[in-house]
Number of protein chains: 2
Amino acid sequence: MRPVTVYDIAREANVSVATVSRVLNNTAPVKKETRERIVALMHKYQFQPNALARSLTRKETGMIGFILPDITNPFFPEVLSGFDYEARRLGYTYFLCDTISTNEENERLYDRQYERESQYLSLLMEKQVDGIVMIGGRVDLAKPDPELARELEEVAKRVPVLLLNGSLPKTKLNRVSADQKFGAELAVQHLIELGHRDIAVIGGYSKMTNTQQRLAGFRSAMKDAGLPVRKEWILTEGFSVPKGQEYAAQLLSAKRRPTAIFCMNDLLAIGALKAAHRAGIRVPEELSIVGYDDIPQATYSIPELTTVSLMSQEIGRQAARTLDKMIAGKKVPLFQSLMPELIVRETTARVPGIAAD
Amino acid sequence: MRPVTVYDIAREANVSVATVSRVLNNTAPVKKETRERIVALMHKYQFQPNALARSLTRKETGMIGFILPDITNPFFPEVLSGFDYEARRLGYTYFLCDTISTNEENERLYDRQYERESQYLSLLMEKQVDGIVMIGGRVDLAKPDPELARELEEVAKRVPVLLLNGSLPKTKLNRVSADQKFGAELAVQHLIELGHRDIAVIGGYSKMTNTQQRLAGFRSAMKDAGLPVRKEWILTEGFSVPKGQEYAAQLLSAKRRPTAIFCMNDLLAIGALKAAHRAGIRVPEELSIVGYDDIPQATYSIPELTTVSLMSQEIGRQAARTLDKMIAGKKVPLFQSLMPELIVRETTARVPGIAAD
DNA sequence: TCTGAATGTGAAACGGGTTTCATTATGGCT
DNA sequence: AGCCATAATGAAACCCGTTTCACATTCAGA
């Protein structure tokens, strides 16, 4: 059976569709009894206006595209849940666009990710979304992908685009990010205050903006404290638990080993925790570990992770609010920065051999 | 600047819009040179067909609504990622509909969840989605919510609806689920084979179908082995890490305590692990723990969790495939069941005091 | 009583595609 | 040479709302 339309309602109410539309949207006064007759019919037939038709003329859909690299990475659900909260409140629905591929064996493949980003960008345009938010992937590259830059600028001419936790230097795209350098400084300063001098860093991808900024934070904190940075204690390229375990195992098996490890995310920190455990090294007594992101899992581990909170939910919320303003044509700052917080839990302690104050 | 339409292309190519549409969709033969002329113009202007307009006539949108209770619960991203994989392959995009509320303090509120489900249902209808998949929430209630049942049956008349890992007894709604009872039997039999006789169960919600089924599996496995079930060792109402910790702590502090705990999900198991650690009880030497779901975090803990894999990704994939068939009007089985697998890792061992074979 | 403003309503155009139907040109085959 | 199937294309209707414009009423104020 065909869904009921404004025409059906109009016919049965003996009015024109214009009038039906008017009561539907409250856009013009309608005589009380006429209105009631129409409303009654709408209820009777459970009339639901076709959003496609409506959007076609109104030129707004209330739909947003959210492009992210991998929903199974717990950082993104956090951001997304903040975004969801505000977006829903503001009357938007959103397409989730995951750019990772998995093969039949459920292994994650990052190789075609960039291609996917482009595909989604044009798909979303066709779907006439009101706005697009992008996080991760090529947005995170320090050396901006010229292809993506060109593409995004093209897209941004037609529909508001917001970049989260990343940037595309040389382009004028709006973005909201956590201050990565500051976050890293927070973490490293904390370790230094605990007496650590031998601090290693693991994880991240050297090509990513975020990683570079955090590394910069690390370096600046070390420099401020007059501490040397040892190249062989900076192990990048990776963001997963296994990688964390691998790098930490490597560090811990060397003759000289660090007393603290700063991890580029919590997953790595969890891996480091496992490596320490396997090596029989106690955390935090013999080794301090600090993570980054403050995903929920940071409190699941034993001991619980000391970490830097990016306030992921807050980023998501801010994204929704900002995008809404952009859609409404209001002015928004080109760049919004959120200050991370250090969350001290159980994986950090005074450096071994130094008495507490 | 106004986006370019088929009319613009048609005018400049000196053809009618019908012809443009034909090359766009390859629905009828078009003379080679005409086609080339049109294609060239499409490239020149970067023509992107308006999906709204297209969907309006075609009466299909390629959009699906995915309703779930809480994206930050790691089980759902797993399912979703499987769903994403297949849905994308089949040419669908989907709206993510999270029904949980969070207040400004980021606390999760479950109270208005049911209301949200209903709101999303009608929103999705208005958006003209081709299909809807629902997981968790009221779908999971053993005593079906008559309101939801009525509503869903109404919706299902218009658009295919698929229920994941749940059911709505008395309704004829398609569903795909993991066999919860079987999964629980797997877990409990494993413990029994290791010599455990004193087995406790924690977590779940007594009103939920899944919980009841798993409990049934637990009971049947115990009965088959001729073991008694102690009421005070079944602690339900909860699915989180803190709850797991709380319940396990309670069990472990009693005079007589179980030698094994079967947890209704991995989050609870992680909590139990923490409780054991705090109580100074070694896992698995003194206490065996088995989880449920096999979320990625199950391998992050120390020791790694023995758990039951629901093959969450597989459920998501199957959902996408099935929904696609339903949309295409093909016949699909009313109920599809996936068999869970036991994943033995490090949290289970022979019961203390009994030598290995 | 007259007038300008506000109320109430319908006809028709519009948004941007798809699809049906009709028409003409073309090619293969007897 | 004649005929039918197929290719190639356009005009117009359609999908389902919104919006503009025009027109008729009603009402308050002078």
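Chain A is the first sequence line, chain B the second, and so forth, proteins listed ahead of strands; every chain is numbered from 1. Below, each value reflects all heavy atoms present in this structure, side chains not excepted, and no hydrogens, waters or symmetry copies.
- For the atom pair A:Met134 CE and A:Glu117 CD, the distance stands at 4.0 Å (nearest 0.5 Å).
- Looking at residues 36-65 of chain B, you'll see B:Leu56, B:Thr57, B:Lys59 sit with a heavy atom under 4.0 Å from some atom of DNA chain D.
- If you check residues 5-23 of chain B against DNA chain D, the residues with a heavy atom closer than 4.0 Å are B:Asn14, B:Val15, B:Ser16, B:Ala18, B:Thr19, B:Arg22, listed by number.
- No hydrogens or angles considered: a donor-acceptor pair under 3.5 Å links the side chains of A:Arg321 and A:Gln318.
- Between the CD atom in A:Glu126 and the CG atom in B:Leu52 there is a gap of 11.0 Å [rounded to 0.5 Å].
- Screening residues 16-31 of chain A for salt bridge (Lys or Arg N to Asp or Glu O under 4.0 Å), with sequence neighbours left out, gives no hits.
- Residues A:Leu121 and A:Ile67 form a side-chain contact, since some pair of their non-hydrogen atoms from C-beta on lies under 4.5 Å apart.
- When side chains are defined from C-beta on, A:Leu168 counts as touching A:Leu148, because their heavy atoms get closer than 4.5 Å.
- Interface residues of residues 25-32 of chain B facing DNA chain D, ordered by number: B:Pro29, B:Val30, B:Lys31; criterion, heavy-atom separation under 4.0 Å.
- The closest side-chain heavy-atom distance from B:Tyr7 to B:Val20 is not below 4.5 Å.
- Below 30°, between 30° and 60°, or above 60°: for A:Phe66 and A:Phe83 the angle between ring planes is above 60°, a perpendicular geometry.
- Looking at B:Arg138 and B:Glu147, no side-chain N of the basic residue comes within less than 4.0 Å of a carboxylate O on the acidic one, giving no salt bridge.
- Considering A:Asp324, A:Asn174, A:Leu323 in turn, A:Asn174 is the only one that fulfils the side-chain contact (heavy atoms from CB on, under 4.5 Å) rule with A:Val332.
- Between A:Ser55 and A:Gln128, the side chains place no donor N or O within less than 3.5 Å of an acceptor N or O (distance only, hydrogens not considered).
- Recorded end-axis angle for the helix from C:dT1-D:dA30 to C:dT30-D:dA1 stands at 40°, based on five pairs per end and rounded to 10 degrees.
- Listed pair B:Thr34 / D:dA8 fails the phosphate criterion, with no side-chain N or O lying under 4.0 Å from OP1 or OP2.
- The shortest distance between side-chain heavy atoms of B:Ile315 and B:Leu338 falls below 4.5 Å.
- A:Thr322 contributes atom OG1, which lies 11.5 Å from atom NZ of A:Lys330 (distance to the nearest 0.5 angstrom).
- Taking all atoms of both residues into account, the shortest heavy-atom contact from B:Asp130 to B:Glu60 is OD1-CA, 3.5 Å.
- Contact check of residues 122-131 of chain A against DNA chain D (heavy atom, cut-off under 4.0 Å) returns no residues at all.
- In the model, B:Asp98 has no side-chain atom that pairs as donor or acceptor with a side-chain atom of A:Tyr85 under 3.5 Å.
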